[in-house]
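A quick write-up on the structure given underneath.
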There are 2 protein chains.
Amino acid sequence: MDLRRLRYFVAVAEARSVGKAAERLRMAQPPLSVQIRKLEAEVGAPLFRRGTRGMDLTEAGQALLVRASEALALAADGIEAARAVASGRRGRLSVGYMFVLANAILPRLIPELRRSVPGVDLEFAELSASTREARLLDRSVTVALCMPAINHPEIQLARIGAQPFMLAMPIRSPLARLSSVPMAKLQGRPLIALPHPDHGPASSAVVALLRRHQVVMPIASRVETVHSAMSLVLAGEGFAILPACAQLGAPRGIVFRPLRDAADSLDIAVCWRRDSHSPLIRTFLKCAEKVVAAL
Amino acid sequence: MDLRRLRYFVAVAEARSVGKAAERLRMAQPPLSVQIRKLEAEVGAPLFRRGTRGMDLTEAGQALLVRASEALALAADGIEAARAVASGRRGRLSVGYMFVLANAILPRLIPELRRSVPGVDLEFAELSASTREARLLDRSVTVALCMPAINHPEIQLARIGAQPFMLAMPIRSPLARLSSVPMAKLQGRPLIALPHPDHGPASSAVVALLRRHQVVMPIASRVETVHSAMSLVLAGEGFAILPACAQLGAPRGIVFRPLRDAADSLDIAVCWRRDSHSPLIRTFLKCAEKVVAAL
DNA sequence: CCATTGGCATACCGAAAACGTATGGGTTGG
DNA sequence: CCAACCCATACGTTTTCGGTATGCCAATGG
């Protein structure tokens with residue numbers, strides 16, 4: 001059962017003549033005639049009635065024709081679909097993002113993506129710091145918006161921006177009256193910290209920041225997510241040092257203030273598997289860069 | 001775009017390994033590997049990710065896989081459908097019948113046919129005497145139940161039974177009191193005749209019958225169909241000489257009586273195009289013979 | 001009645017594609 | 001470090017396909 005034979009068969013059926021079909025197929029008539037007879041031999045029954053003025057489908061031939069046409073169309077469509085996916089015109093793009101970035105980036109990124117790749121099924125999934133590598137490696141997400149960046153040999157990353165650190169505190173805190181907070185004022189105040197550098201890189205930049213300014217903040221609590229950090233800040237358990245973008249997702253009652261003379265910032269990065277060559281990744285990167293640049 | 005390649009592709013995708021797929025396809029591994037790469041060249045993009053422990057579909061490969069599987073199934077189904085039609089297990093059988101036979105035969109023939117060929121689409125169409133040849137020749141009906149038989153070089157026929165002639169008359173007619181009517185009693189009575197022998201063979205047997213018994217019946221009216229003949233009989237315009245089976249479709253007020261000492265009868269025949277080799281014709285013939293034998 | 005035309009089938013040959021065997025090269029696991 | 005596994009490449013052989021030449025049959029026309 002060769003697809004070429006089916007193609008020939010359909011051509012002959014539509015032309016109602018071997019000669020005409022051969023002409024349309026840009027081949028000679030005899031080999032076409034041979035192929036048709038081979039197909040008939042394979043089926044075990046005549047597919048055409050040979051008249052003196054051309055060929056006409058038998059009932060068996062008609063039954064084959066409808067399915068053969070569909071099969072041809074499907075095969076062609078399959079090739080085309082594969083090309084479309086490979087070129088990024090169609091397909092699926094699963095975007096992972098970390099919560100801190102959600103409010104700042106997604107509202108502008110999603111429409112931008114839908115405009116850029118209208119034929120692509122988009123999917124969004126919030127990532128936790130602990131599973132983001134795994135989700136990339138097992139391909140359950142194609143790209144990840146990370147902060148801070150992932151460090152893994154199989155994962156490629158592109159830095160697309162950075163966010164300065166800010167101090168998050170309850171609105172009633174005395175420090176909230178300052179328009180910016182000098183680092184020295186943090187000395188001795190309780191810190192709501194994100195995971196320890198040994199388990200995840202989330203707070204290593206904060207540790208470096210404090211050390212550089214020779215400020216010591218006792219760790220009041222250590223939490224997994226920015227959600228939790230802000231909850232504890234609101235509860236008055238301490239202060240958190242968070243990237244500026246986090247304030248868009250902050251609950252009422254929490255204020256953010258710039259840290260004076262602290263130039264430190266946290267990178268926003270797009271990450272993907274090194275062996276994923278989907279063109280959608282580059283498109284995504286462009287969109288993300290554009291959105292982040294406009295922050 | 002060759003169907004063989006698609007088959008190979010599906011096998012490799014399902015086995016997730018060239019070697020395993022080659023084994024299943026009963027071929028060597030290298031040529032299979034070559035075919036896969038040729039398919040990838042045709043698509044213009046890799047369809048598999050080559051790992052150290054086998055092959056894995058890329059997104060483009062997944063897009064192709066679903067359509068390729070369907071195309072393969074359709075192609076196979078097409079071949080199978082053609083075989084089924086050729087063998088008579090499936091297909092379409094369009095049965096033409098003449099009105100005189102409808103009431104006597106169809107009620108028992110249709111269920112018999114549905115039992116015999118459950119996969120076949122049945123279609124029934126009443127034929128008029130003037131178009132029955134044309135309907136067979138242009139294949140708008142596959143077989144025809146005719147009375148009398150068709151005479152045409154392209155049409156093959158099989159006689160499956162016969163019906164004696166009877167006299168049709170209004171119930172008030174004096175002749176209706178006889179349980180059978182001697183031919184001599186018809187002398188001089190008005191006849192409702194079917195088409196002239198020159199235009200159709202319908203009444204030639206009646207002409208022969210009358211001539212043999214040296215009975216002359218003036219033709220009161222000449223009508224096209226048995227319907228009309230019975231209407232005129234009911235209206236008191238005359239008598240009709242019709243095959244016995246016609247009485248099943250006769251309206252109230254008409255009675256049929258046997259013609260004494262008239263052994264003449266009209267053949268019931270199954271007719272089809274000589275070049276129609278559908279096995280359904282033979283099946284139909286068997287069913288029709290069985291039903292007619294039980295009349 | 002014969003010649004011509006139109007259409008499919010058959011025969012044969014050259015070319016292309018596919019298959020098998022042998023082999024290379026990379027990675028994994030003991 | 002060697003063995004096992006798996007895919008890729010190379011090359012010779014075989015199968016299949018397409019082209020040309022030609023035959024057969026029926027319908028057409030003078």
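- Here the P atom of nucleotide dA17(C) and the CG atom of Asp2(B) are 11 Å apart, to the nearest Å.
- Looking at heavy-atom distances under 4.0 Å, Phe48(A) makes no contact with the nucleic acid at all.
- Annotation: side-chain hydrogen bond (donor to acceptor under 3.5 Å, both in side chains) contacts of Arg37(B) (sequence neighbours excluded): none.
- For Phe9(B), the ring-ring contact (aromatic ring centres under 6.0 Å, His included) partners two or more places apart in sequence, or in a different chain, are Phe48(B).
- Taking the charged nitrogens against the carboxylate oxygens, Asp267(A) and Arg159(A) do have a contact shorter than 4.0 Å, which makes a salt bridge.
- In this structure the side chain of Leu145(A) reaches within 4.5 angstrom of the side chain of Leu109(A), judged on heavy atoms.
- Using a cutoff of 4.0 Å between basic side-chain nitrogens and carboxylate oxygens, Asp2(B) and Arg7(A) are not scored as salt-bridged.
- Within the nucleic acid shown, Gly51(B) has no heavy atom closer than 4.0 Å to any nucleic acid atom.
- Contacts of Arg83(B) classified as side-chain hydrogen bond (donor to acceptor under 3.5 Å, both in side chains), with partners at least two apart in sequence or in another chain: none.
- Remark: C1' of dC19(C) and CD of Glu23(B) are 17 Å apart, rounded to the nearest angstrom.
- The stretch residues 24-38 of chain A touches DNA chain C through Gln29(A), Pro30(A), Ser33(A), Arg37(A), each having a heavy atom within less than 4.0 Å of the strand.
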Listed pairs under 3.5 Å, donor-acceptor, residues 280-290 of chain A side chains, sequence neighbours left out:
| residue | atom | partner | partner atom | Å |
| --- | --- | --- | --- | --- |
| Thr283(A) | OG1 | Pro279(A) | O | 3.2 |
| Lys290(A) | NZ | Glu112(A) | OE2 | 3.1 |

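- Within the 4.5 Å cutoff, the side chain of Glu224(B) has no heavy atoms near those of the Ser128(B) side chain.
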Without placing hydrogens or testing angles, list every side-chain donor-acceptor pair under 3.5 Å for residues 150-158 of chain B, not counting sequence neighbours.
| residue | atom | partner | partner atom | Å |
| --- | --- | --- | --- | --- |
| His152(B) | ND1 | Glu154(B) | N | 2.9 |
| Gln156(B) | OE1 | Arg274(B) | NH1 | 3.0 |

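- Remark: Glu126(A) engages Tyr97(A), Phe99(A), His227(A) in a side chain to side chain contact (heavy atoms under 4.5 Å, CB included) (not counting sequence neighbours).
- Remark: Ser17(B), Val18(B) in residues 9-18 of chain B come within less than 4.0 Å of DNA chain D through at least one heavy atom.
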Show me the donor-acceptor pairs within less than 3.5 Å that the side chains of residues 14-35 of chain A make with the rest of the protein, sequence neighbours left out.
| residue | atom | partner | partner atom | Å |
| --- | --- | --- | --- | --- |
| Ser17(A) | OG | Gly19(A) | N | 3.2 |
| Ser17(A) | OG | Lys20(A) | N | 3.0 |
| Gln35(A) | OE1 | Arg5(A) | NE | 2.7 |

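- Classification of Glu123(B) and Arg92(B) as a salt-bridged pair holds, one side-chain N sitting under 4.0 Å from a carboxylate O.
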Report, one line per pair, each donor and acceptor closer than 3.5 Å where one atom sits in a side chain of residues 64-74 of chain A; sequence neighbours left out.
| residue | atom | partner | partner atom | Å |
| --- | --- | --- | --- | --- |
| Arg67(A) | NE | Asp77(B) | OD2 | 3.0 |
| Arg67(A) | NH1 | Ala63(A) | O | 3.0 |
| Ser69(A) | OG | Leu65(A) | O | 2.7 |

Task: Per-nucleotide protein contact string for nucleotides 25-30 of chain C, where B marks a base within reach and S marks sugar-phosphate only (heavy atoms under 4.0 Å, - for neither) - done: --SS--
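- For DNA chain D, the outermost nucleotides in 5' to 3' order that have an atom under 4.0 Å from a heavy atom of chain A are dC17(D) to dA27(D).
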